[in-house]
2 protein chains.
Amino acid sequence: MDIRTVAAEAGVSIATVSRVMNHVKTVDPKLSKRVWEVVNRLGYVPNTQARALVSGRSRLFGVIISDITNPFFPELIQGFEEKAVEVGYETMIGSTKRDLKQMELCIQRMLERKVDGVAVMTFGIEPLLLERLSLQGIPMVFIDVAPPGHAITPPPGKAISTISIDYEKGIREGVQHLAVLGHRRIGFLAGPRYLHTALAREHAFRRSIQAIGLALPEEYVFEGDHTAEVGMDGMSALLALADPPTAVMCSNDMTAIGAMHTALGAGLRIPHDLSVIGFDDIRLAQYMFPPMTSIQMSRRDLASAAVMALKAHIDESEDHPAPSNTGIETRLVVRQTTSIPRGALSDLKPGE
Amino acid sequence: MDIRTVAAEAGVSIATVSRVMNHVKTVDPKLSKRVWEVVNRLGYVPNTQARALVSGRSRLFGVIISDITNPFFPELIQGFEEKAVEVGYETMIGSTKRDLKQMELCIQRMLERKVDGVAVMTFGIEPLLLERLSLQGIPMVFIDVAPPGHAITPPPGKAISTISIDYEKGIREGVQHLAVLGHRRIGFLAGPRYLHTALAREHAFRRSIQAIGLALPEEYVFEGDHTAEVGMDGMSALLALADPPTAVMCSNDMTAIGAMHTALGAGLRIPHDLSVIGFDDIRLAQYMFPPMTSIQMSRRDLASAAVMALKAHIDESEDHPAPSNTGIETRLVVRQTTSIPRGALSDLKPGE
DNA sequence: GGCCGCGCTGAAAACGTTTACCGCTTGTCA
DNA sequence: TGACAAGCGGTAAACGTTTTCAGCGCGGCC
């Protein structure tokens with residue numbers, strides 16, 4: 001069942017069928033109608049491969065993430081896909097599992113399928129490898145992957161843009177929120193430091209703490225890996241301190257979930273004995289008990305910005321240059337894991 | 001950069017390059033080596049579309065699920081993808097969002113890309129639509145979608161198989177576990193009844209309850225939709241009863257998360273005041289507080305069985321027929337949301 | 001009434017592979 | 001040394017589209 005069958009059945013040429021399927025408007029409505037009837041009757045579906053082969057465009061975007069199992073990503077993917085469909089593209093997903101081998105395979109597959117653009121949201125897809133994409137002139141958008149101008153220095157003309165996330169704002173709101181409640185000892189369960197995303201959050205935290213004049217003993221910061229598992233370890237470490245923090249901020253929600261787990265397991269009441277703030281505001285955060293206070297960045301905005309950046313590169317012209325960077329804001333969403341610290345008064349004593 | 005470039009550079013014909021890339025062993029190792037060198041030097045990547053077009057096989061499997069945002073599915077997808085890669089296939093994902101329109105688009109996309117097989121794990125991809133795939137002779141595997149022999153009655157020769165899940169075992173274990181602990185009033189937060197998966201769980205629950213001679217007032221069963229949101233509603237409904245259950249079993253873990261949320265919010269202690277059992281045993285279950293007792297079915301086994309079934313259909317021959325059905329077991333994983341009911345003794349009074 | 005132009009359709013080339021088929025080379029055996 | 005077989009490599013067709021280009025028919029204008 002191919003275009004020829006349809007053409008024969010409708011008594012037109014294959015060129016006409018092609019035009020009808022692509023909604024080219026120079027086709028006589030009479031013929032168009034006849035063709036559509038045949039198409040529906042026969043259930044004809046055009047072959048994407050042949051289409052892509054000849055047109056040179058696959059109408060396919062790739063999304064590279066690190067771990068589809070982290071709830072943050074499916075939410076992102078869904079947004080990406082919806083937006084992509086909106087502008088006429090399909091989406092293929094590559095999960096690197098933070099493994100170099102997987103990254104290579106991932107890039108290989110994207111190249112094989114001749115994607116028209118790639119969104120990257122994982123660290124360490126080594127610039128070396130990405131070079132391969134850029135060599136082919138494939139537009140790319142890096143979502144919060146590296147500090148602008150660092151590591152990835154695109155050949156000036158290349159179709160590369162970045163989406164940067166303003167961690168500062170959300171995290172400052174979070175720290176201030178805690179400070180206003182009366183917390184003076186605030187810990188941070190960081191993400192892996194080789195990961196720009198994580199490091200940026202940590203830096204934002206440190207700056208916010210400093211800005212309001214609080215002390216930050218180095219043992220209040222624990223480097224984790226953004227999994228619940230290690231979030232538990234981090235919390236254990238903080239609780240073991242002589243003078244444990246009365247509040248913890250976490251580099252992502254999975255870490256926060258692990259932290260809450262350990263804290264509750266140790267008999268602490270949240271938020272009474274310990275305040276917790278997550279980051280990402282995955283959907284699940286509100287179903288935790290208590291519902292988690294978290295810092296949100298809109299997955300929808302982010303996905304949408306990524307798609308639009310790719311599209312812009314593809315349609316780029318002198319009068320319509322693609323944006324080289326888009327910023328996304330973060331904001332605090334207060335729920336019920338934050339409150340006045342139990343020892344608030346004593347913390348306020350001079351000398352603290 | 002195509003096969004011709006490589007051929008020219010290596011001083012061989014394109015046929016040889018093709019053979020080298022496909023590991024055909026009739027190629028002189030000398031030539032093969034030369035070709036590989038050129039391939040690596042130039043970074044040549046074969047074009048999947050052209051390949052698929054001429055060979056007639058896309059080396060692509062489709063997976064149709066209902067909602068990528070439910071943590072159960074990413075875990076499934078990951079397993080499927082790994083197994084698929086193992087046998088030489090890639091995976092494309094279709095998320096129907098339980099929307100008829102989306103299902104149509106989904107099938108359309110699979111047909112367009114000429115997938116070599118499809119795994120379905122969502123209800124109501126209307127048989128009508130699936131007919132379209134089967135018409136094309138595309139192998140399909142239905143994962144726990146409909147009772148065998150029901151709805152989907154494949155034209156006998158067609159490449160369709162099913163994977164059925166033995167809910168009975170896991171759920172019986174769960175109910176017995178509760179009964180042994182002393183629970184007599186056990187509620188069930190069901191999934192949507194139009195969904196075979198959910199209905200099967202509900203039936204298994206009812207049978208298990210009956211088997212051990214407990215009563216099951218109809219208001220102890222609440223029909224939900226497998227979201228945390230509605231799990232909360234369900235729990236509220238149960239708690240509002242004059243004589244609320246001392247334990248609830250849930251049709252999936254998201255529902256259980258919602259239920260726990262509401263119960264804890266109402267001031268109940270889990271498991272002291274209320275025991276909870278989930279279903280699916282998503283990874284998150286163990287990070288809840290308390291860690292959730294749940295009924296597990298191995299995502300890995302399930303994904304693996306699906307891939308193998310598709311592969312078997314593709315390679316089918318007289319002496320190697322594909323399996324028409326594969327069974328997957330379920331089993332109880334006991335954690336800390338189940339214990340002796342507070343009112344255990346009074347419940348045991350005669351007359352109960 | 002004739003010519004020009006416009007709107008629409010169809011023929012054919014091209015996209016980058018795989019693979020059947022054919023022919024060459026090389027080795028072996030008589 | 002010659003003939004034949006086996007093993008390899010190359011030529012060309014084919015896959016299902018899109019798209020360019022040319023041509024046909026019809027209407028309007030002079």
Side-chain angles (χ1 to χ4, degrees), chain A residues 1-36 38-39 42-60 88 90 108-116 136-137, chain B residues 1-36 38-39 42-60 88 90 108-116 136-137:
Chain A
M1 158 80 59
D2 58 10
I3 201 174
R4 265 177 285 271
T5 321
V6 177
E9 191 77 9
V12 298
S13 75
I14 62 169
T16 300
V17 176
S18 172
R19 278 189 277 257
V20 169
M21 298 302 291
N22 289 288
H23 305 101
V24 175
K25 57 275 161 207
T26 67
V27 175
D28 186 332
K30 261 194 161 49
L31 285 194
S32 176
K33 180 150 175 284
R34 212 158 79 212
V35 169
W36 276 120
V38 174
V39 165
L42 267 52
Y44 165 70
V45 176
N47 182 322
T48 310
Q49 288 135 2
R51 223 194 255 244
L53 184 58
V54 60
S55 70
R57 302 184 318 156
S58 62
R59 305 240 111 207
L60 191 61
E90 288 182 44
Q108 182 81 5
R109 289 203 299 260
M110 305 255 159
L111 285 173
E112 284 175 354
R113 298 221 175 260
K114 292 274 176 293
V115 292
D116 291 338
Q136 317 262 341
Chain B
M1 158 81 58
D2 59 10
I3 201 174
R4 266 177 286 271
T5 321
V6 177
E9 191 76 10
V12 297
S13 76
I14 61 170
T16 300
V17 177
S18 170
R19 280 189 276 258
V20 169
M21 297 303 290
N22 290 288
H23 304 102
V24 174
K25 57 273 162 211
T26 67
V27 175
D28 186 331
K30 263 196 159 49
L31 285 194
S32 177
K33 178 149 174 286
R34 212 160 79 213
V35 170
W36 277 119
V38 174
V39 165
L42 267 50
Y44 165 70
V45 175
N47 181 323
T48 310
Q49 288 135 2
R51 222 195 257 246
L53 184 58
V54 61
S55 71
R57 302 183 319 155
S58 61
R59 305 241 111 206
L60 191 61
E90 287 182 45
Q108 182 82 5
R109 288 204 299 260
M110 305 256 159
L111 285 173
E112 283 175 354
R113 298 222 175 259
K114 293 274 176 295
V115 292
D116 291 338
Q136 317 261 341

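Residue numbering restarts at 1 for every chain, and letters A, B, ... go by the order of the sequence lines. Treat the numbers as computed from the prediction; the structure is a model and nothing was measured.
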In whole Å, I'd like the distance from the CZ atom of A:Arg51 to the P atom of C:dT17.
21 Å
Please report, rounded to the nearest Å, how far the P atom of C:dT18 is from the CG atom of B:Asp2.
12 Å
Just call it for A:Ser18: base, sugar-phosphate, or nothing, with non-hydrogen atoms closer than 4.0 Å on any strand.
base
A:Gln49 CD to C:dC15 C1': how many Å, rounded?
13 Å
A:Val54, nearest nucleotide to its side chain (from D:dT19, C:dT9, D:dG16)
D:dG16
If only atom types and distance count, is the side chain of A:Thr48 paired as donor or acceptor with the main-chain N or O of B:Glu112 below 3.5 Å?
yes
Between P of D:dG16 and NZ of B:Lys114, the distance in whole Å
9 Å
Interatomic distance, A:Asn47 CG vs C:dC15 C1' [rounded to whole Å]:
13 Å
Considering only C:dT17, C:dA11, C:dT9, which nucleotide approaches the side chain of B:Tyr44 most closely?
C:dT17
Just call it for A:Ile14: base, sugar-phosphate, or nothing, with non-hydrogen atoms closer than 4.0 Å on any strand.
base
Can you spot which of A:Val38, A:Val27, A:Val35 makes a side chain to side chain contact (heavy atoms under 4.5 Å, CB included) with A:Val12?
A:Val35
Along DNA chain D (nearest heavy atom to each residue), the more 5'-positioned of A:Ala50 and B:Gly11:
B:Gly11
Heavy atoms of B:Ser13 and B:Ala7 approach each other most closely as C-CB, 3.7 Å
Nearest-Å distance for atom pair CD/C1', residues B:Glu112 and D:dC15:
18 Å
Expressed as a whole number of angstroms, how long is the span from B:Lys25:NZ to D:dC8:P?
11 Å
B:Asp28 side chain, from C-beta outward: closest of C:dG10, D:dT17, D:dC8:
D:dC8
Under 3.5 Å: donor-acceptor pair, side chain of B:Ser55, backbone of B:Arg51:
yes
N-O pairing of A:Asp2 and A:Arg4 below 4.0 Å
yes
At less than 4.0 Å, is any side-chain N or O atom of A:Thr16 found next to OP1 or OP2 of C:dG10? Yes or no.
yes
Comparing nearest nucleotides in DNA chain D, the 5'-proximal residue of the pair B:Ser13, B:Leu53 is B:Ser13
Rounded to the Å, how far apart are B:Arg19 CZ and C:dT19 P?
11 Å
Can you work out whether A:Leu31 or B:Val45 has the more 5'-proximal nearest nucleotide on DNA chain C?
A:Leu31
